[in-house]
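The residues of the chain are indexed from 1 along the displayed sequence. When a ligand or atom number is given, it counts from 1 through the structure's own listing order.
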Amino acid sequence: VILITMGVFWLLSILMSVWMSRLTMRPILKSWGRQTEFVGNAAHELRTPLTIIQNKLELLLTKPNDRIIDQAENIAIANSESQRLQTLTRDLLALARSDSNTVQTNFENTDVPAFLERTIEPYTEIAASQGKTLKVEQVTSFKATLDQDLIHQLMNILIDNALKYSPTGSTITVSANNLGRKWQLSVADQGIGINAADRERIFDRFYRVDSSRSRQTGGNGLGLSIASWIVTLHHGTIAVHANQPTGSQFVTTLPVNPASGLSTYHEK
Ligand code: ADP
């Protein structure tokens, strides 16, 4: 009886330790799996433009006597693919920095409406050149503590997307509201919109609703994951809603003062 009881206890303790190790290993295995998936996706995204550039260069080498004008189309394609590579490597670096927490933040007390006006100014011309209107809804002045470079980057991503996924003749509206201890930044467009199932996933790395369309417009599916990281650094949230009657509205809610003791909030 003693031997059987000891045997049962021994078996139970082995089962317990296997179960415990599965519990502790699960997050490690999960993050390892995510990392492998990220590297796989990144390699895939890098390979496509590289293959195109290589093909175009090989084609040019087969016709050494051609003039540049004769091969302008191929050269232009190689050039736009190398620009895509540049954007992709910039975005991958940003995400690598976000994963390793190696970003030096610089939080400053900022007049939000004036900052928004300054930030979107260059985009008004780009929008006009595409036959679209970009406007900031006027609001009374208020201040919030934020990292201007990062919020600038966030706005670039949201406005860039709004322009990419909107037709000629449409309007993109940027607005900021002071809600007391929080403030909201909204970018609304009248474009193709995002269906409810995709709204859940567009903040995932490399996720694109329509990858061929996104490729045509120069997208790599990383913009919104960078946006979401910037918002997290500010202790805020980001959400997307359907805009009425068409399009999408991205709403970012941020604390007016992300942390009272900013010295403890600085990241290295
Ligand atoms: P991308 O570089 O492909 O635009 P993002 O991460 O910025 O990558 O966006 C992910 C996907 O979300 C896009 O591929 C697109 O399908 C969708 N999306 C983002 N913004 C908008 C928008 N304003 N209107 C419609 N679809 C959008």
Ignoring hydrogens and geometry, is there a side-chain-to-backbone donor-acceptor pair from [X] to [Y] under 3.5 Å?
X      : Y      : value
Thr89  : Leu85  : yes
Gln190 : Thr246 : no
Thr51  : Pro49  : no

Worksheet item: Would you say the side chains of Ser141 and Asp111 form a donor-acceptor pair under 3.5 Å?
Response: yes

Discussion item. Under a plain distance cut-off of 3.5 Å, with no hydrogens placed, do Asn74 and Gln71 share a side-chain donor-acceptor pair?
Written reply: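 There is such a pair between these side chains.
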
Worksheet item: Which residue pairs pass the salt bridge (Lys or Arg N to Asp or Glu O under 4.0 Å) test when at least one of the two sits in residues 54-67, sequence neighbours left out?
Response: Arg67-Asp70

Item to complete: Enumerate the protein residues lying less than 4.0 Å from ligand 1, judged by heavy-atom distances, in chain and residue-number order.
Response: Asn161, Ala162, Lys164, Tyr165, Asp189, Ile192, Gly193, Ile194, Ile202, Tyr207, Arg208, Val209, Ser214, Gly219, Asn220, Gly221, Leu222, Gly223, Leu224, Ser248, Phe250

